[in-house]
J.: 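Could you have a look at this structure, given as structure tokens, before my questions?
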There are 2 protein chains.
Amino acid sequence: MTIETSNLHIRHFSKHEHLARVGDPQRVVYKIQEGWACRYSIVPDGRRQITAVYLPGDFCEPQWLLAGKAQLPIIAITPMTVTEIPLENIYAQPGKAVQDLLGAMLKAFNRQTDWIVSLGRKSAKARVQEFLLELHRRLHASDAVSVHRCTIPLTQQDMADVLGLTAVHVNRVLKDLRKSGAISLRGKTLSLGHNERVQTEPATSGAPHMLIRPAREPMLA
Amino acid sequence: MTIETSNLHIRHFSKHEHLARVGDPQRVVYKIQEGWACRYSIVPDGRRQITAVYLPGDFCEPQWLLAGKAQLPIIAITPMTVTEIPLENIYAQPGKAVQDLLGAMLKAFNRQTDWIVSLGRKSAKARVQEFLLELHRRLHASDAVSVHRCTIPLTQQDMADVLGLTAVHVNRVLKDLRKSGAISLRGKTLSLGHNERVQTEPATSGAPHMLIRPAREPMLA
DNA sequence: CGTTTAATTGAAAACCGTCAAAGTGCGTGG
DNA sequence: CCACGCACTTTGACGGTTTTCAATTAAACG
């Protein structure tokens, strides 16, 4: 992307290893090269809610630039390869890197807004469908992905924790979607049906983005 | 606050008037002096989901600094008085104003995260309770509010649209809460019971904030 | 291969939504 | 000042979606 790629530390995380824990001071943000991760919260009764999913190409997490610490834990869903982007450098000489990170933060913000709408006002079936289509779209944007096929390394429990459902119900909904031909997730392979490839546009993060105001951006000089 | 208060335009909005519509270019952000507003989205079947509530003292909306336009409509819940903060000025000479707005954006971001956790993993009763306590806490922070009493100008339909519920169910939950003595909302007056005043701490936005990293902030010079 | 983890299925129950009707409060105008 | 209209609140009966509990099957992993 646009963040300078010289002198970057490469780092690996194994499956289920934490990239950050609650309250950890963060001196870097990660740019994900390979693998998936998620941010989550555990509620008092022990259940988990995933509040963000990080894919290759994503920053994890842009808001560390502002907060300087992790408000919620981040865990690797698969083995990961990331590059470390030191925040000190960015503080010292703000430039395009700041714009990239703030742009990514705005995207994450809009994605959260869309997710609130889904959780509050959409059925389980619509949420599953929308989530899988979003994953496909995001993978397609950064990476080379077939138009109607991609790999989703999430368990049904992971998806349930994103979708605010139980794993059992996710399973039933996936069966329904498979039967109705819209979307098929068999094993880790997601296949999109012919007609259902275009639909369920999100309210905010789906628009072709103009992230930073064209004239006189504040963060550049 | 810390945004310069000289040369500010004052503006009024009447109840149910839009502060912004989808896609509107935004050359200002509003600092709310009086009244409440909310951001919302309408789903295809016509139902509404509120994704943010703006109280006196809040900025509406910090992310306009980055996006330059409104991704979702904002509507006044009550008659409002606001001051306009022109973004051009901030672009021209970034300073404390940028830090204030980015700090507010981070708070809004964390608030959204907490709300995803509520919608995904908490019961209707817990959501109502948590929402009312959050409103009380936020009112208490900026304004002079009694420790156990405040005014909530929302209809039960408004609350339902925040909480991802129906107005009928909100009504029943409020009755339950009143009976169990925890929280009482009669008319527009919210009263907190003796023992239930401290509880349900949010995962992120509840912590005593250190918003901007203490050393070498990027947005200042 | 055996062991663990994940996926699948069924039956029953809980939670919340829908529909419908009646009650309450409040502002406007006569 | 009272009557009316309108918006909001409250209540009941019923239905649907999702959860819970439990058991079985399938897949992944050493």
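The sequence lines fix the lettering, A, B, ..., with proteins before strands; numbering per chain opens at 1.
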J.: Does a nitrogen or oxygen in the side chain of Asn171(B) sit under 4.0 Å from OP1 or OP2 of dT10(D)?
T.: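 Affirmative; the distance criterion is met.
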
J.: Answer yes or no: side-chain N or O of Arg47(A) and base N or O of dT20(D) forming a donor-acceptor pair under 3.5 Å.
T.: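 No pair found.
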
J.: If you find the nucleotide of DNA chain D closest to Gln157(B) and the one closest to Arg172(B), which residue's nucleotide is nearer the 5' end?
T.: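 It is Gln157(B), whose closest nucleotide lies nearer the 5' terminus.
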
J.: Please report, rounded to the nearest Å, how far the P atom of dT19(D) is from the NZ atom of Lys122(B).
T.: 17 Å

J.: Expressed as a whole number of angstroms, how long is the span from Ile152(B):CD1 to dT9(D):C1'?
T.: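 These atoms are roughly 17 Å apart.
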
J.: Leu119(B) has an atom CG; how far is it from atom P of dT18(D), in whole Å?
T.: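 From Leu119(B) CG to dT18(D) P: 15 Å.
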
J.: What integer distance in Å separates Lys125(B):NZ from dA14(C):C1'?
T.: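 Interatomic distance, NZ of Lys125(B) to C1' of dA14(C): 15 Å.
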
J.: Leu154(B) CG to dC8(D) C1': how many Å, rounded?
T.: 13 Å

J.: Answer yes or no: side-chain N or O of Arg127(A) and base N or O of dT18(D) forming a donor-acceptor pair under 3.5 Å.
T.: no

J.: With respect to the phosphate group of dT9(C), does any side-chain polar atom (N or O) of Lys175(A) fall under 4.0 Å of OP1 or OP2?
T.: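 It does, given that an N or O in the side chain of Lys175(A) lies less than 4.0 Å from OP1 or OP2 of dT9(C).
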
J.: Going by distance alone, is a donor N or O of one side chain under 3.5 Å from an acceptor N or O of the other, for Ser118(B) and Glu130(B)?
T.: yes

J.: Tell me: CG of Asp176(A) to C1' of dT8(C), nearest whole Å?
T.: 13 Å

J.: Measure from the side-chain heavy atoms of Thr155(A) and tell me the nearest of dC19(C), dA6(C), dT9(C).
T.: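 Out of dC19(C), dA6(C), dT9(C), the nucleotide with an atom closest to Thr155(A)'s side chain is dA6(C).
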
J.: Looking only at the side chains, is there a donor atom on one of Asp158(A) and Thr155(A) sitting less than 3.5 Å from an acceptor on the other?
T.: yes

J.: Counting any heavy atom closer than 4.0 Å, what does Lys188(B) reach on the DNA or RNA strands: base, sugar-phosphate only, or nothing?
T.: sugar-phosphate

J.: Indicate whether the side chain of Thr83(B) and that of Gln33(B) have a donor and an acceptor atom separated by less than 3.5 Å.
T.: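 Indeed, the side chains of Thr83(B) and Gln33(B) share at least one donor-acceptor pair under 3.5 Å.
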
J.: Check whether any side-chain nitrogen or oxygen of Gln156(A) sits under 4.0 Å from OP1 or OP2 of dT8(C), and answer yes or no.
T.: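 So the side chain of Gln156(A) is within the cut-off, an N or O lying under 4.0 Å from OP1 or OP2 of dT8(C).
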
J.: Select one nucleotide: of dC19(C), dA22(D), dC16(C), the one nearest the side-chain heavy atoms of His169(B).
T.: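 From the listed options, dC16(C) comes nearest.
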
J.: Tell me whether Thr189(B) contacts the main-chain N or O of Leu185(B) through its side chain, where contact means a donor paired with an acceptor under 3.5 Å.
T.: no

J.: Reckon Thr166(A) has a side-chain N or O less than 4.0 Å from the OP1 or OP2 of dT18(D)?
T.: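 Checking dT18(D) against Thr166(A), no side-chain N or O comes under 4.0 Å of OP1 or OP2.
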
J.: Does His16(B) or Ser123(A) map to a spot on DNA chain D nearer the 5' end, using the closest nucleotide for each?
T.: His16(B)

J.: My understanding is that only one of Asp58(B), Ile74(B), Val82(B) makes a side chain to side chain contact (heavy atoms under 4.5 Å, CB included) with Tyr30(B); could you say which?
T.: Val82(B)

